[in-house]
There are 2 protein chains.
Amino acid sequence: MPHTDPEDRTRDRSRTEDAILAAARAVLIEKGFGGWGVNAIARAAGCDKQLIYRYYGGLDGLAEALGTEMARDIVTALAAVPVPQLNTYGELVAAMIDAQLHVLQGHPVMQRIIAWELSEANDLTRAFAAARSQALLGWFTRVKGDIATPPGIDAPAINAVLIAAVQQMVISSAAIGSFAGMPLAEPADWERLRMTLRHLALAAYDAREPAK
Amino acid sequence: MPHTDPEDRTRDRSRTEDAILAAARAVLIEKGFGGWGVNAIARAAGCDKQLIYRYYGGLDGLAEALGTEMARDIVTALAAVPVPQLNTYGELVAAMIDAQLHVLQGHPVMQRIIAWELSEANDLTRAFAAARSQALLGWFTRVKGDIATPPGIDAPAINAVLIAAVQQMVISSAAIGSFAGMPLAEPADWERLRMTLRHLALAAYDAREPAK
DNA sequence: TGCACATGTCACCACCCGGTGATATTTGCC
DNA sequence: GGCAAATATCACCGGGTGGTGACATGTGCA
């Protein structure tokens, strides 16, 4: 029976490609970028490491694939933000911050990649950071056209600071479960952070923030 | 001549101890924690790695020494903050944030250690994070007694968010020179960040921030 | 059927790592 | 001077890494 069903073939390139990609994610999540190598990934994927070189061109190509996935996930998350309902600049920023917090918190691969960027400066990590910046800034410039930018305020800097806080808090929570004495484990902790970020965004932009 | 001057001895324990510690800092700064190991440090110190084990008890003891130095540097930097001149809670927080930004920006070892904390969760990195948190919170609780805490505001959360932003921006600048499209290289960039953080702190706490 | 190719496996290489025991040399005291 | 201890060096171990060439086996087409 030479013509077997593609589903239960023992030799299926696309299947092993998926297995390698999944293993690449799993190893990155479990061991971090320090333990992210061909041997560990091949072991986790249950195949020979040679296939990583054949199908992805080695670690670099595999990392690129993860970066592409990450950028796509950010775009997807931002696309779900209900922009038309936001009528002030502060509300828009608060929504963006909220989306960023949400997607990053549920995305351990992105968390590891960000920690990677912060630890090693090379072409790969620079490409990671650029992809995320582009996804964020692209969405924002595309959306802010509808809403007036407050005058006399350094909006890009404030937005960068808020995004930076989100990143640091989420990455720190994954590593040690808290930050500067503020616990980051229970859902209530995250709600507290969410409210704080919203408060800051509104206080920075909208003259009178609504009572909470 | 058995009684040589201690200054030009070839065999001087305290001298090599200092050399090892300096090499530990240098290697951490240059290669990051991924390349921070006994072989590289001994090579940089110009001595045998055996001495690292003898004098510091291995990598763990050496890392502890670096952590102790870091905590001491934070305390020193905070001690220079002119607390008596600050009469509002927002001003106090702004001064703390400013001190934190200043010390971290001039402390590449601390930058690497923070990136380390964000990448690996073990007893060592947890001890690092705890030491920094303790230095910060200890100073703050010791100082805030003089100034009334604004009611109805989650001050610890806001402070944590601002500190988190500082950390993320500085670490990111060291790694890729910018963050979310905001350049972080020239002194003017840092002044811009400084002003933004101050604006946020005052907007969050003091009802009417002074005109800039 | 037979043959070419795609797919997967294995063995091996040089290199670096952390760690340790044995050994050499200097120092300082008696 | 002599001798013990402190200081420093060397050689080696097992193990892990990224990378590569040779080989085996399943697949699908002529």
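By convention in this document, chain letters (A, B, ...) are assigned in the order of the sequence lines, proteins followed by strands, and residues within each chain are numbered from 1. When reading the values below, keep in mind they use all heavy atoms of this one structure, side chains included, and skip hydrogens, waters and symmetry mates.
Checked for salt-bridge contact, A:Asp98 and A:Arg198 miss the test: no charged N lies under 4.0 Å from a carboxylate O.
When rounded to the nearest whole Å, the span between CZ of B:Phe33 and P of C:dG18 equals 14 Å. To the nearest angstrom, C1' of D:dT17 lies 13 Å from CD1 of A:Ile41. What separates CG of A:Asp12 from C1' of C:dC5 is a distance of 16 Å, to the nearest Å. As a whole-Å value, the separation of B:Trp36 CH2 from C:dG18 C1' is 13 Å. Taking atom CG of B:Leu51 as the reference point, atom P of C:dA22 lies 18 Å away to the nearest angstrom. Spacing between atom CZ of A:Arg15 and atom P of D:dG26 amounts to 17 Å, rounded to whole angstrom units. The interatomic distance linking B:Tyr56 (OH) with C:dG18 (P) rounds to 17 Å, in whole Å.
Looking only at side-chain heavy atoms (C-beta outward), B:Val170 and B:Trp190 come within less than 4.5 Å of each other.
Within the 4.0 Å cut-off from OP1 or OP2 of D:dT7, not a single side-chain nitrogen or oxygen of B:Thr16 is found. The shortest distance between the side-chain N/O atoms of A:Tyr55 and the OP1/OP2 oxygens of C:dG8 is below 4.0 Å. Neither OP1 nor OP2 of C:dA6 sits under 4.0 Å from any side-chain N or O of A:Arg13.
Among all heavy-atom pairs drawn from B:Tyr205 and B:Asn159, the shortest one is OH-OD1, 2.7 Å.
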Distance-only donor-acceptor hits, side chain of residues 119-141 of chain A, under 3.5 Å, sequence neighbours excluded:
from: A:Ser119; atom 1: OG; to: A:Ala115; atom 2: O; distance (Å): 3.0
from: A:Ser119; atom 1: OG; to: B:Ser119; atom 2: OG; distance (Å): 3.1
from: A:Glu120; atom 1: OE1; to: A:Trp116; atom 2: NE1; distance (Å): 3.2
from: A:Asn122; atom 1: OD1; to: A:Leu124; atom 2: N; distance (Å): 3.0
from: A:Asn122; atom 1: OD1; to: A:Thr125; atom 2: N; distance (Å): 2.8
from: A:Asn122; atom 1: OD1; to: A:Thr125; atom 2: OG1; distance (Å): 3.2
from: A:Thr125; atom 1: OG1; to: A:Glu120; atom 2: O; distance (Å): 2.7
from: A:Thr125; atom 1: OG1; to: A:Asn122; atom 2: N; distance (Å): 3.0
from: A:Thr125; atom 1: OG1; to: A:Asn122; atom 2: O; distance (Å): 3.1
from: A:Arg132; atom 1: NE; to: A:Glu117; atom 2: OE2; distance (Å): 3.0
from: A:Arg132; atom 1: NH2; to: A:Glu117; atom 2: OE1; distance (Å): 2.4
from: A:Arg132; atom 1: NH2; to: A:Glu117; atom 2: OE2; distance (Å): 3.1
from: A:Ser133; atom 1: OG; to: A:Ala129; atom 2: O; distance (Å): 3.4
from: A:Trp139; atom 1: NE1; to: A:Leu78; atom 2: O; distance (Å): 3.3
from: A:Thr141; atom 1: OG1; to: A:Leu137; atom 2: O; distance (Å): 3.0
from: A:Thr141; atom 1: OG1; to: A:Gly138; atom 2: O; distance (Å): 3.1

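For B:Arg11, the listed nucleotide lying nearest its side chain is D:dA8; candidates were C:dC17, D:dA8, C:dA6. With distances taken from any side-chain atom of A:Arg54 to the nucleotides D:dT7, D:dA8, C:dT7, the minimum falls on C:dT7.
A donor and an acceptor atom, one from each side chain of A:Thr16 and A:Asp18, are nowhere located under 3.5 Å apart.
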### Task
Before giving the answer on side chain to side chain contact (heavy atoms under 4.5 Å, CB included), spell out for A:Gln50 and A:Arg54 the whole-Å C-alpha distance, their side-chain angles and the decisive distance to 0.1 Å.
CA-CA 6 Å; A:Gln50 175 74 19; A:Arg54 258 216 275 276; 3.9 Å; yes
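At distances below 3.5 Å, at least one donor-acceptor pair connects side-chain atoms of A:Asp189 with backbone N or O atoms of A:Glu186.
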Distances for protein N/O vs nucleotides 19-21 of chain C N/O pairs under 3.5 angstrom?
from: C:dG19; atom 1: OP2; to: B:Tyr53; atom 2: OH; distance (Å): 2.9
from: C:dG19; atom 1: O5'; to: B:Tyr53; atom 2: OH; distance (Å): 3.4
from: C:dG19; atom 1: N7; to: B:Lys49; atom 2: NZ; distance (Å): 3.0
from: C:dG19; atom 1: O6; to: B:Lys49; atom 2: NZ; distance (Å): 2.4
from: C:dG21; atom 1: O6; to: B:Gln50; atom 2: OE1; distance (Å): 3.1

